[in-house]
Enquirer: 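Handing you a structure now.
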Amino acid sequence: MRRTLPKAFYSKKNPVCVAKQLLGKVLWVRGKRGFCRARIVETEAYGGRLDRASHAWRGRTRRNESMFGAPGTAYVYLCYGVHRMFNVVTGPTGWPAAVLIRGVEPMEGAERMARRRGVPADDFRLSAGPGVLTEAMGIESDADRCDLVSGSIRIEDDGVRYPRTKIQAGRRVGVSYAGPAAFFPWRFSVRGNPWVSRARA
DNA sequence: GCAATGATTTACT
DNA sequence: GTAAATCATTGCC
């Protein structure tokens, strides 16, 4: 069983729900240089007017424009001038919310991913971390605003479900500047999975 | 216009 | 543990 997630999956107003439900789903990229699939094992929710950690907290800008776009599209931005971050836009059009994909477990095309990254295919450094998984899967800045329902990057459900006890919630990484929002338990990961990022506290 | 900084990673000491 | 890479955005003059 394999089905591309429909627009309705992404249109829920609360990004936290989508972040939890994305665990176990399969991210799929058909790039100029090949095809790869990987299971999502770590996510973070961002958005709404109260989330000071969100890029949209201060309102709409050229960078975060795509966060206000249609549900089920991509928000890709450059972080620290070095790494690309891949987010899934959620909520109704005009409502700024997104889910950052922070860790994926390779399923298909791992050798190609390994070549891009310069690490062994069975090494977690391949795709455990938001900045490295985009490099591994060949997600570039031109993927910003890409439609995840019909475009060359998609997310599908292959029936895999993690039991509730395997899902871990915790603080988001790298948002200590965000005041109370820094403590929101909006980071979700699969307990014990080696492809979850080694995040600092 | 200029300076500081960040939803990170890696290689150092 | 600390620092560098590297640039768009932001805030302040």
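Per chain, numbering begins at 1; letters A, B, ... match sequence-line order. For clarity, every value in this text was computed on a predicted model and none was experimentally measured.
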Enquirer: Whether A:R187 contacts B:dA7 is assessed here as follows: a side-chain N or O lying under 4.0 Å from the phosphate OP1 or OP2. Is that the case?
Expert: no

Enquirer: Could you give the OH-to-C1' distance, from A:Y177 to B:dT8, as a whole number of Å?
Expert: 12 Å

Enquirer: Please state how far atom OH in A:Y75 lies from atom C1' in C:dT9, giving the value in whole angstrom units.
Expert: 10 Å

Enquirer: In whole Å, I'd like the distance from the CZ atom of A:F124 to the C1' atom of B:dT10.
Expert: 13 Å

Enquirer: The side chain of A:R58 is closest to which nucleotide in this list: B:dT8, C:dT10, C:dG11?
Expert: C:dG11

Enquirer: Can you tell me how far C1' of B:dT8 sits from CG of A:L126, to the nearest Å?
Expert: 17 Å

Enquirer: In whole angstroms, how far is the C1' atom of C:dT9 from the OH atom of A:Y80?
Expert: 14 Å

Enquirer: Could you check if a side-chain atom of A:T93 sits within less than 4.5 angstrom of a side-chain atom of A:P71, using non-hydrogen atoms only?
Expert: yes

Enquirer: Round to the nearest Å and state the distance from A:R117 atom CZ to B:dT8 atom P.
Expert: 15 Å

Enquirer: How close or far is atom P of C:dT10 from atom CZ of A:R60, stated in whole angstroms?
Expert: 14 Å

Enquirer: What are the two closest non-hydrogen atoms of A:F86 and A:L27, and how far apart are they?
Expert: CE2-CD1, 3.9 Å

Enquirer: Looking at A:R37, A:R39, A:R3, which one forms a salt bridge (Lys or Arg N to Asp or Glu O under 4.0 Å) with A:D158?
Expert: A:R39

Enquirer: Heavy atoms only, 4.0 Å cut-off, all strands: where does A:V175 land among base, sugar-phosphate and nothing?
Expert: sugar-phosphate

Enquirer: Hey, is the side chain of A:H55 poking within less than 4.0 Å of OP1 or OP2 on B:dA7, counting only N and O atoms?
Expert: yes

Enquirer: Has A:R191 got its NZ or CZ under 6.0 Å from the middle of the six-membered ring of A:Y162, at an angle within 45 degrees of the ring axis?
Expert: no

Enquirer: Nearest to the side chain of A:P130, heavy atoms from C-beta on, is which of C:dT9, B:dT9, B:dA7?
Expert: B:dT9

Enquirer: Quick check on C:dT10: is either OP1 or OP2 less than 4.0 Å from any side-chain nitrogen or oxygen of A:T61?
Expert: yes

Enquirer: Look at the side chain of A:V132 and decide which nucleotide, out of B:dT10, B:dT8, C:dC7, has an atom nearest to it.
Expert: B:dT10

Enquirer: Between C:dA3 and B:dA4, how far apart are the two P atoms, rounded to whole Å?
Expert: 16 Å

Enquirer: Flag this pair as yes if the NZ/CZ of A:K12 is under 6.0 angstrom from the six-membered ring centre of A:F9 and inside a 45 degree cone about the axis; otherwise no.
Expert: yes

Enquirer: Write down the distance separating the C1' atoms in B:dA7 and C:dG1, rounded off to the nearest Å.
Expert: 23 Å

Enquirer: Between A:G81 and A:R125, which residue's closest nucleotide on DNA chain B lies nearer the 5′ terminus?
Expert: A:G81

Enquirer: Can you tell me how far P of B:dG6 sits from OH of A:Y46, to the nearest Å?
Expert: 13 Å

Enquirer: Suppose we define a pair by two distances each less than 3.5 Å, Watson-Crick or G-U wobble; what does B:dT5 pair with here?
Expert: C:dA8

Enquirer: Think A:R63 has a side-chain N or O under 4.0 angstrom from the OP1 or OP2 of C:dT10?
Expert: no

